[in-house]
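Before any comments, here is the structure.
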Amino acid sequence: MDTDIDKKDKEGVEEIEGTERKDTEPIAKEDEVLTEWAETLHLEYDPEEAQRRAEKAAGLVTPPPAPVPVPVPNPTPNPFNQQPPAPHTAGFSHQEPMPETYLVWSVLATVFCCLIPGIVAIVYSTMVSSKYYAKDYEGARRASEKAQYWIIASVVLGVITAAVYLPLSLFA
């Protein structure tokens, strides 16, 4: 009990699923069916775009040619016969050597001797490299000296504290 609609659907399917298409009538019929479906579903359908996509998927479309490399022109010679600028490292040859930072000694004095002067020594030790790379060579030298003084102060205070604390702890 096939209705007219079912017969038309079967005929359309047979035409669409046909193994070979020798004329454009089945393609036109297929485009009509797809257009009708697109209208029913409120979609846009472009048969030409669909054909291009089908050809691209089948590999029938050749890719565009590769771009041709553009030759790079030779750099122009220096018209005024000037020397190129000196490299950046050339300015470092006459620098003063960086003063000692005493960072390791500062940390050791903080841990083993006295905490407060040791922390001040660490601060001055880190200021040495900061001032040196900021090209404040005199400030770096002064920070190095102050770090050294605070390390000595930390060690001396640590020794005094130990000298006073140990005898008192033995008699208490």
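In this structure, Glu49 places its CD atom where more than 12 heavy-atom neighbours from other residues, nucleotides or ligands lie under 6.0 Å away.
Put simply, CD on Gln148 and OG1 on Thr101 are 11.5 Å apart, with the number rounded to the nearest 0.5 Å. Rounded to the nearest 0.5 Å, atoms OH (Tyr124) and NZ (Lys131) are 9.0 Å apart.
Under a hydrophobic clustering in which Ile, Leu, Val, Met, Phe, Trp and Tyr are joined whenever their side-chain heavy atoms come within less than 4.5 Å, directly or via other members, Val128 and Val104 fall into different clusters. Residues Leu157 and Tyr165 do not share a hydrophobic cluster, defined by chaining ILVMFWY side chains whose heavy atoms lie under 4.5 Å apart. Cluster membership check: Leu103 does not share its hydrophobic cluster with Met127, using side-chain heavy-atom separations under 4.5 Å among Ile, Leu, Val, Met, Phe, Trp and Tyr. When the side chains of ILVMFWY residues are joined at heavy-atom separations under 4.5 Å, either directly or via intervening members, Val159 and Val164 end up in two distinct hydrophobic clusters. Each of Trp150 and Leu115 belongs to its own hydrophobic cluster when Ile, Leu, Val, Met, Phe, Trp and Tyr are linked at side-chain heavy-atom distances under 4.5 angstrom.
Shortest non-hydrogen contact noted between Pro167 and Ala163 is CD-O, 2.9 Å.
In this structure, the side chain of Tyr132 engages the main chain of Glu96 through a donor-acceptor pair within 3.5 Å. The backbone N or O of Glu100 sits less than 3.5 Å from a side-chain atom of Ser144, completing a donor-acceptor pair. Here the side chain of Ser154 pairs a donor or acceptor atom with the backbone of Ala109 at under 3.5 angstrom.
The side chain to side chain contact (heavy atoms under 4.5 Å, CB included) with Thr110 is formed by just one residue from the set Ile116, Ile119, Ile151, Val120; it is Ile119.
When side chains are defined from C-beta on, Lys135 counts as touching Tyr137, because their heavy atoms get closer than 4.5 Å.
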